[in-house]
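Below: one structure, written as structure tokens.
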Number of protein chains: 2
Amino acid sequence: MAVLAEELIAAFRRKGMKITPQRQLLCTLVEKAHDQHEHPTVEALHLRAMEEMPTISLKTVYSTLAELAELGMIRLVALGTGSVRVDPNPAPHAHFVCRSCGRIIDHPLDLDDDTESALESDLGFVVEERDVIYRGRCAACRSQETGEAVLLKEGDVSGNSQHR
Amino acid sequence: MAVLAEELIAAFRRKGMKITPQRQLLCTLVEKAHDQHEHPTVEALHLRAMEEMPTISLKTVYSTLAELAELGMIRLVALGTGSVRVDPNPAPHAHFVCRSCGRIIDHPLDLDDDTESALESDLGFVVEERDVIYRGRCAACRSQETGEAVLLKEGDVSGNSQHR
DNA sequence: GACGTAATCTACAATGATTGTTAACTACTA
DNA sequence: TAGTAGTTAACAATCATTGTAGATTACGTC
């Protein structure tokens, strides 16, 4: 079996949690998502899981992913797409989200450390986690932009984006 | 009437939208939130609005705030606190969110422009909006170490009780 | 200043994502 | 192999938010 899935299962075992067939299956699905650089929704993973195990419930998928997130093996990120996304890569990174097609791309995180230092020294805040999300349009969607704009009512889009 | 509220109303008028008593009221409430550096939930603003206009519906508040956001006068930000927050300041800035008490603090945004340049040149993405959220613990909550919510000013629900 | 129309209003229902509950089941240890 | 803690699936409930429809209202036009 593959490497990442084994690590996830080992994390369960390390915490004394039981290695159920559902957890094993989800660990392999998380690994596949990782390999494909995907950020599937919980619902999407549930559908994939049901291909192998038709009776697995959505609730179990939610629970298991929440457990993996608590173990620090994945991240559950809210990217404004309506539902939480499973991010199989727990290392810090930024996300670009295309407003048109919903595509999500990881990107290295280049936050200025001064910001966090200032938060800690000036305000006493301890930063434990960062979410950096860029929203915009990917190349494919921008090339179709003119065609789509015709379909949109005037003023619908022009007013709600923040230009710089 | 105060300055910011007038600007918000002017923005409605500029778009040919009608100046209803509900919109006027909400504009003044947004101004107050701005003056207090608050990030109230829609629900919280609805409660405040009902103090002046008991029959105003939550739906109207949602709609009006969505309109103000489309006009670029406010931002509706999802900070992972369970519901959308009204950010009366549309200029780019980062948010610090305390995991314990839910307090939200604005902070200047120090993103490295190289990241966005790389996104645009390497991948063809055009960044239109950024969300930068720091999660952690504020000084008050860290000193308590109980993990429970602390009292917030004004006794409303704009900042607390949004645990997951 | 009144009118007509488009826009908005409220009340209510519906949605969609997520979480809680409970009884049945299962993996693991002894 | 049995006991038991922990997990599962079905179902209900919750929460924030959005959709619908008929009643009401603001505002440009006359």
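These numbers were taken from a predicted model, which means no experiment stands behind them. Order of the sequence lines fixes the chain letters, A, B, ..., with proteins taken first and strands second; residue numbering starts at 1 for each chain.
Between Glu129(A) and Arg99(B) there is a salt bridge, since at least one side-chain N of the basic residue sits less than 4.0 Å from a carboxylate O of the acidic one.
Met53(A) places its CE atom 16 Å from the P atom of dT7(D), with the value rounded to the nearest Å. Atom P of nucleotide dT19(C) and atom CD of Glu43(A) are separated by 14 Å, given to the nearest angstrom. Atom CD1 of Ile56(B) is separated from atom P of dT8(C) by 14 Å (rounded to the nearest Å). For Leu58(A) and dA13(D), the CG to P distance is 18 Å, given to the nearest whole Å. Distance CZ (Arg23(A)) to C1' (dT8(D)): 10 Å, rounded to an integer number of Å. Regarding Met50(B), its CE atom lies at a distance of 11 Å from the P atom of dA11(C), rounded to whole Å. The separation between Gln24(B) atom CD and dT8(C) atom P is 14 Å, rounded to whole Å. If you take OH of Tyr62(A) and P of dT8(D), they are 17 Å apart, rounded to a whole angstrom.
Checking dA17(C), dT7(D), dA9(D) against the side-chain heavy atoms of Thr60(A) singles out dA9(D) as nearest. When each of dG20(C), dT7(D), dA9(D) is scored by its nearest atom to the side-chain atoms of Lys59(A), the top-ranked nucleotide is dG20(C). Closest contact between the side chain of Ser57(B) and the listed nucleotides dA17(C), dA9(D), dT10(C) involves dT10(C).
Nearest heavy-atom pair, Ala49(A) versus Leu26(A), reported as atom, atom and distance to 0.1 Å: CB-CD2, 4.4 Å. Of all non-hydrogen atoms in Arg135(B) and Phe96(B), the two that sit nearest each other are C-CE1, 4.1 Å.
Side-chain contact between Met73(A) and Val30(A) is absent, with no heavy atoms from C-beta onward closer than 4.5 Å.
The residue Val84(B) sits close only to the backbone: its heavy atoms come under 4.0 Å of sugar-phosphate atoms, none of a base. Backbone-only engagement by Thr55(A) is indicated by non-hydrogen atom pairs under 4.0 Å involving sugar-phosphate atoms exclusively.
His46(A) places a side-chain N or O within donor-acceptor distance of the main-chain N or O of Leu58(A), the cut-off being under 3.5 Å. With hydrogens and angles disregarded, a donor-acceptor distance shorter than 3.5 Å links the side chain of Arg23(A) to the backbone of Lys18(A).
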Pick out the pairs of N or O atoms, protein on one side and nucleotides 26-28 of chain D on the other, that lie under 3.5 Å.
residue	atom	partner	partner atom	Å
dA26(D)	N3	Lys18(B)	NZ	3.1
dC27(D)	OP1	Ile19(B)	N	2.9

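Phosphate contact (OP1/OP2 of dT10(C), side-chain N/O of Gln22(B), threshold under 4.0 Å): present.
Atom NE2 of His95(A) and atom CG of Asp131(B) lie 13.0 Å apart (nearest 0.5 Å).
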